[in-house]
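Working notes, beginning with the structure itself.
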Number of protein chains: 2
Amino acid sequence: MPATSPAREKCRTCRLHSLCLPRELPQGDTSELARIVQTRRPMKRGTYVLQAGGHFQSIFAVRTGSVKTSTLLPSGDEHISGFHLPGEILGLDAIASRSHPSTSVTLETSHVCEIPFTELEHLSERIPALQRQLLRIMSRELSTEQSTTHLLARRSAEQRLAMVLLDFSQRFANRGLSARHFRLPMSRSDLANYLGLAPETMSRTFRRLEARGLLSIAGKAVVILDPIALAELVDGASGGS
Amino acid sequence: MPATSPAREKCRTCRLHSLCLPRELPQGDTSELARIVQTRRPMKRGTYVLQAGGHFQSIFAVRTGSVKTSTLLPSGDEHISGFHLPGEILGLDAIASRSHPSTSVTLETSHVCEIPFTELEHLSERIPALQRQLLRIMSRELSTEQSTTHLLARRSAEQRLAMVLLDFSQRFANRGLSARHFRLPMSRSDLANYLGLAPETMSRTFRRLEARGLLSIAGKAVVILDPIALAELVDGASGGS
DNA sequence: CGCATACTTGACTCTATTCAAGGTTAGTGG
DNA sequence: CCACTAACCTTGAATAGAGTCAAGTATGCG
């Protein structure tokens, strides 16, 4: 019989622990954390992980699958603020206001872990490494958001698409998957919405990049054919030097 | 002779303490915090508070004046990611990477407080309320960034301008200043850059809103004449219902 | 007072949007 | 396994909003 119960092992043995909350935590602290983490049954596509306006109680970690986060604007249309892959944390934007400013929905069948925030706060009072990790994650989230902002400001449709594809390529690679062949989990119109473009523009832009031999796309399956040219497209910027 | 030294008083007696780090901290804890806060001599317009690529050591709080934060894109042009008013914190996006992803410069003569981060972390291990406040500030920052993203995605020049003016109006009001008459601290082209617009478009958009009687602008002085119409313009969204 | 910078204005161009229609895919039920 | 339906995606033509280029005007600093 092992010294630690299966529940205490779940974070340590999770393939994602080096990307997720337990990152860089000593093993003992990881077990402590695992005790308050609630794993849930799989959620099928289109299930709400959290809803805008709802009372903030927990943060969530994506374990498998993928999630999109969006806000309903007063005008009635939604704006998608991000897509989340395994190991990424949801709900951190609700700490200040104690209620969720945005809604998160699964894009496919997904496993999500729930971490009750009050317990996490108490735990991090006892475990300074956990407190530091929380701050690090939020800080990383902040710079990611800033990159998204740069993505939208004064960039052409081609640049936006190139940026987001390279971003996904990188994130898949971080998860041990191929950086060149992957499957986008969201619909074209979700991606268009995220990039601040019309779906039609998205479609045409895909074709144009395909015609130039930078990538190939069939449905949701993407193949990056020329990552260097894509990166140059991004860096080339508005004016171009 | 008072029980606490002047240094220990500086945060408690600062007019901004209810907006800044000490917010909701008990008085004793505020004094503890004040001990590690370094106030500096005024910085004149155009001084770097922190520079992209620089080693992360401290976060900074604006005490008077204003600051802009920008990133130099690989293409050579800069993108301004935010403007900071008194009581706002700079540098939180550097915690994860331990080096600043962006550059912050004063827009006018400003006072800035420096808070060494290692000391702040140690202090917050002893003071749970301070830890909570740090997380709250970062969370608030996250939702602010998300609003900026919404601002840029698929909104017209008019809507972007209306949004940013209402945002400043609100932030000035929070600082006890007029919500209707204020002075924008940045240049037109900085504002245009922030909104992802060409300076010329900015200029024309100001004129158009002025012609419709929504506001009046003379140099950097803005008067909001019809806040309701401005808000409706923002909410009216792309399609309009 | 003069120079430099910042701002404005006009004319033209171009990219992305909109509207409209047709084609594909995926998921459902027989 | 196939047929059917409803999303989803693509394509085309016309339009509009913002960008660019270029010149002129205000503003402020030395």
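In this text the structure is predicted, and so the values were computed from the model without any measurement. Chain A is the first sequence line, chain B the second, and so forth, proteins listed ahead of strands; every chain is numbered from 1.
- Taking the ring axis of Phe168(A) as reference, the NZ or CZ atom of Arg171(A) stays within 45° of it and closer than 6.0 Å to the ring centre.
- Between dT11(D) and Ser203(A), no contact under 4.0 Å exists linking OP1 or OP2 to a side-chain N or O.
- Within the 4.0 Å cut-off from OP1 or OP2 of dT11(D), not a single side-chain nitrogen or oxygen of Arg204(A) is found.
- Closest heavy-atom contact between Asp93(A) and Ser102(A): OD2-OG, 3.3 Å.
- Distance, Leu161(B) CG to dT8(C) P: 11 Å, rounded to whole Å.
- Between the CG atom of Leu209(B) and the C1' atom of dT8(C) there is a distance of 16 Å, rounded to whole Å.
- Between Glu200(A) and Glu158(A), the one whose closest nucleotide on DNA chain C sits nearer the 5' end is Glu158(A).
- The separation between Leu197(A) atom CG and dC9(D) atom C1' is 15 Å, rounded to whole Å.
- Taking every heavy atom of both residues into account, Arg180(A) and Leu225(A) meet most closely at NH2-O, 3.1 Å.
- No side-chain heavy atom of His79(A) sits under 4.5 Å from any side-chain heavy atom of Asp77(A).
- Comparing dA16(C), dC7(C), dT10(D) by their closest approach to the side chain of Arg188(B) singles out dC7(C).
- Atom C1' of nucleotide dT25(C) and atom CG of Leu184(A) are separated by 16 Å, given to the nearest angstrom.
- When the side-chain nitrogen and oxygen atoms of Arg154(B) are compared with OP1 and OP2 of dT17(C), one or more of them lie within a distance under 4.0 Å.
- Atoms CG (Asn193(B)) and P (dG19(D)) sit 12 Å apart, rounded to a whole Å.
- For the pair Ser169(A) (side chain) and Leu165(A) (backbone), a donor-acceptor distance under 3.5 Å is absent.
- Contact between the side-chain N/O atoms of Thr201(B) and the OP1/OP2 oxygens of dA18(D) is not found at any separation under 4.0 Å.
- One interatomic measurement links the two molecules: CZ of Arg45(B) to C1' of dG30(D), which rounds to 15 Å at whole-angstrom precision.
- Backbone-only contact: Arg207(B) has heavy atoms under 4.0 Å from sugar-phosphate atoms and none from a base.
- Rounded to a whole Å, the CD1 atom of Ile217(B) is 16 Å from the P atom of dA6(C).
- Atom CE in Met202(B) sits about 15 Å away from atom C1' in dT9(C), given to the nearest Å.
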